[in-house]
Amino acid sequence: MSVSESKPVVHADRYAVVGNPVAHSKSPYIHAQFALQTGERVEYDRLLAPLDGFVENVQAFHAAGGRGLNVTVPFKLEAHALAQKLSPRAAAAGAVNTLRFDADGIFGDNTDGFGLVRDVEVNLGVSLEGARVLLLGAGGAARGVVLPMLERRPREITIVNRTAPKAHALIEQFAGAAGEFGCLLNGGGPEAVYRDPVDPKPYDVIVNATAGSLDAALPECDERAFGTLTLAYDMMYGTQPTVFMRRAQALGARAADGLGMLVEQAAESFFVWRGVRPEGAPVLAALRAQLAAQAA
Ligand code: ATR
């Protein structure tokens, strides 16, 4: 008996990262690994949008059957404006890095802060609960991580920025949430690293959310903030440790770059789209090996 069985054709759901530039993005590799790991039928590409063509490109991708997008520089604010529904963390961040095309409209989320928290707590093993945290910077990257950090109930978050009023604005924005989570939220200009300079104790976690590492600039910060038990975390990463990481290490602290944050924000985006949570750690290990090979 001959039975001809034709396998049903199962199409993969399409996702992409949209940005300008986007050629360097590691997201396609990361999501391909997540798809293999979870068995989800996902196809993930790069989408280079012209600087004045974000919305058109998103709409065209959606019209062609795309299911969701990661959004990177410089479009995260435009994505926030485009979304018809926002997660609380995206609303707090004022920026969107994840779009999902739902039947009832475009959903915007921001998984960056969650990615940072998960990298710090799970991959690096440092609990934020009860911790004293110093956040350097008060731009978009800093704003995106405040709420996810507060949700972990640290004892204190001090936000310090070269331009003090921007730190004050963030403190004001998150004062209500800080009260809700029992966290002392304070800060200002670089002198605000210590409100009580008589007995300055090192912080448990210092996060560099300034754009300084891009041009190898070190944000001004009192050296006494760094101790041997401090985790100094730079949101940036590269083939070599950043200047901030090298400085922290010279002061005896443990330093980490933002590669794990990149992987964990991607894992959370995958979860937002698919309802399945991939393991970040093995993908992080593979990327770390690739970076080491490039550095050699
Ligand atoms: P992003 O979205 O990457 O956060 P941004 O919103 O432009 O970018 O914010 C950049 C942040 O890095 C700001 O906190 C900025 O400080 P100012 O508000 O004083 O400009 C900070 N930053 C950039 N270069 C810096 C440097 N060389 N030293 C200290 N802080 C720096």
Side-chain angles (χ1 to χ4, degrees), residues 17-22 24-27 51 54 70-83 86 89-98 108-117 119 133-149 157-174 185-194 203 205-223 225-226 232-238 241-248 251 255 257-262 264-265:
V17 55
V18 56
N20 186 337
V22 80
H24 65 284
S25 174
K26 297 190 189 305
S27 293
L51 294 177
F54 172 73
N70 277 134
V71 182
T72 188
V73 177
F75 298 126
K76 290 185 185 184
L77 299 183
E78 278 186 76
H80 178 267
L82 182 66
L86 289 172
R89 60 192 180 188
V96 157
N97 79 335
T98 305
D109 201 348
N110 191 317
T111 63
D112 286 330
F114 179 93
L116 168 83
V117 166
D119 192 35
V133 177
L134 176 61
L135 179 60
L136 301 174
R143 188 168 62 231
V145 303
V146 178
L147 186 61
M149 285 203 298
I157 298 180
T158 301
I159 303 176
V160 160
N161 193 45
R162 179 175 63 179
T163 312
K166 282 168 72 177
H168 292 306
L170 275 196
I171 292 161
E172 200 180 307
Q173 180 189 341
F174 289 101
L185 185 62
N186 56 56
E191 76 293 341
V193 168
Y194 289 113
Y203 283 82
V205 177
I206 303 178
V207 176
N208 182 18
T210 70
S213 295
L214 289 176
D215 49 12
L218 198 60
E220 186 183 338
C221 181
D222 192 321
E223 291 185 351
F226 298 82
Y233 191 100
D234 199 330
M235 287 196 194
M236 303 285 172
Y237 68 87
T242 65
V243 279
F244 171 78
M245 291 169 66
R246 287 201 297 267
R247 185 81 190 117
L251 294 168
D257 69 9
L259 192 65
M261 177 176 172
L262 174 77
E264 296 298 348
Q265 63 78 30

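Just so you know, these numbers use all the heavy atoms, side chains as well, and skip hydrogens, waters and symmetry mates. In listed order, ligands and their atoms are each counted from 1.
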Practice problem: Tell me which protein heavy atom sits closest to atom 11 (C) of ligand 1, plus the residue, atom name and distance to 0.1 Å. | Solution: Ala211 N, 3.9 Å
Quiz item: Considering only the protein, which heavy-atom contact is closest to atom 14 (O) of ligand 1, and what is its distance?
Solution: Asn161 OD1, 2.7 Å
Self-check item: Phe244 vs Met236 side-chain heavy atoms within contact, under 4.5 Å
Solution: no
Quiz prompt | Atoms of ligand 1 close to Gly137 [distance to a heavy atom under 4.0 angstrom, numbered from 1] | solution = 14 (O)
Quiz item: When you check the side-chain N and O atoms of Thr242 and Asp234, is any donor under 3.5 Å from an acceptor?
Solution: yes
Self-check item: Heavy-atom nearest neighbour in the protein, as seen from atom 27 (N) of ligand 1, with distance rounded to 0.1 Å
Solution: Ala217 CB, 3.3 Å
Practice problem: For the pair Asp109 (side chain) and Thr98 (backbone), establish whether a donor and an acceptor sit closer than 3.5 Å, ignoring hydrogens and angles. | Solution: no
Quiz prompt | Identity and distance of the protein heavy atom lying nearest atom 6 (O) of ligand 1 | solution = Gly140 N, 3.0 Å
Exercise. Give the residue, atom name and distance (to 0.1 Å) of the protein heavy atom nearest atom 25 (C) of ligand 1.
Key: Arg162 NH1, 3.4 Å
Quiz prompt | Candidate with minimal heavy-atom separation from atom 19 (O) of ligand 1, of Thr163, Thr210, Leu218 | solution = Thr163
Quiz prompt | Taking atom 1 (P) of ligand 1 as the reference point, the nearest protein heavy atom with its distance | solution = Ala141 N, 3.7 Å
Quiz item: Leu116 versus Pro148: any side-chain heavy-atom pair under 4.5 Å?
Solution: no
Exercise. Check for a donor-acceptor pair, side chain of Gln173 on one end and backbone N or O of Ala92 on the other, with a separation under 3.5 Å.
Key: yes
Quiz prompt | Heavy atom of the protein closest to atom 9 (O) of ligand 1 (residue, atom name, distance) | solution = Gly139 CA, 3.4 Å
Quiz item: Taking only residues two or more places apart in sequence or in another chain, which ones pass ring-ring contact (aromatic ring centres under 6.0 Å, His included) with Phe54?
Solution: Phe75
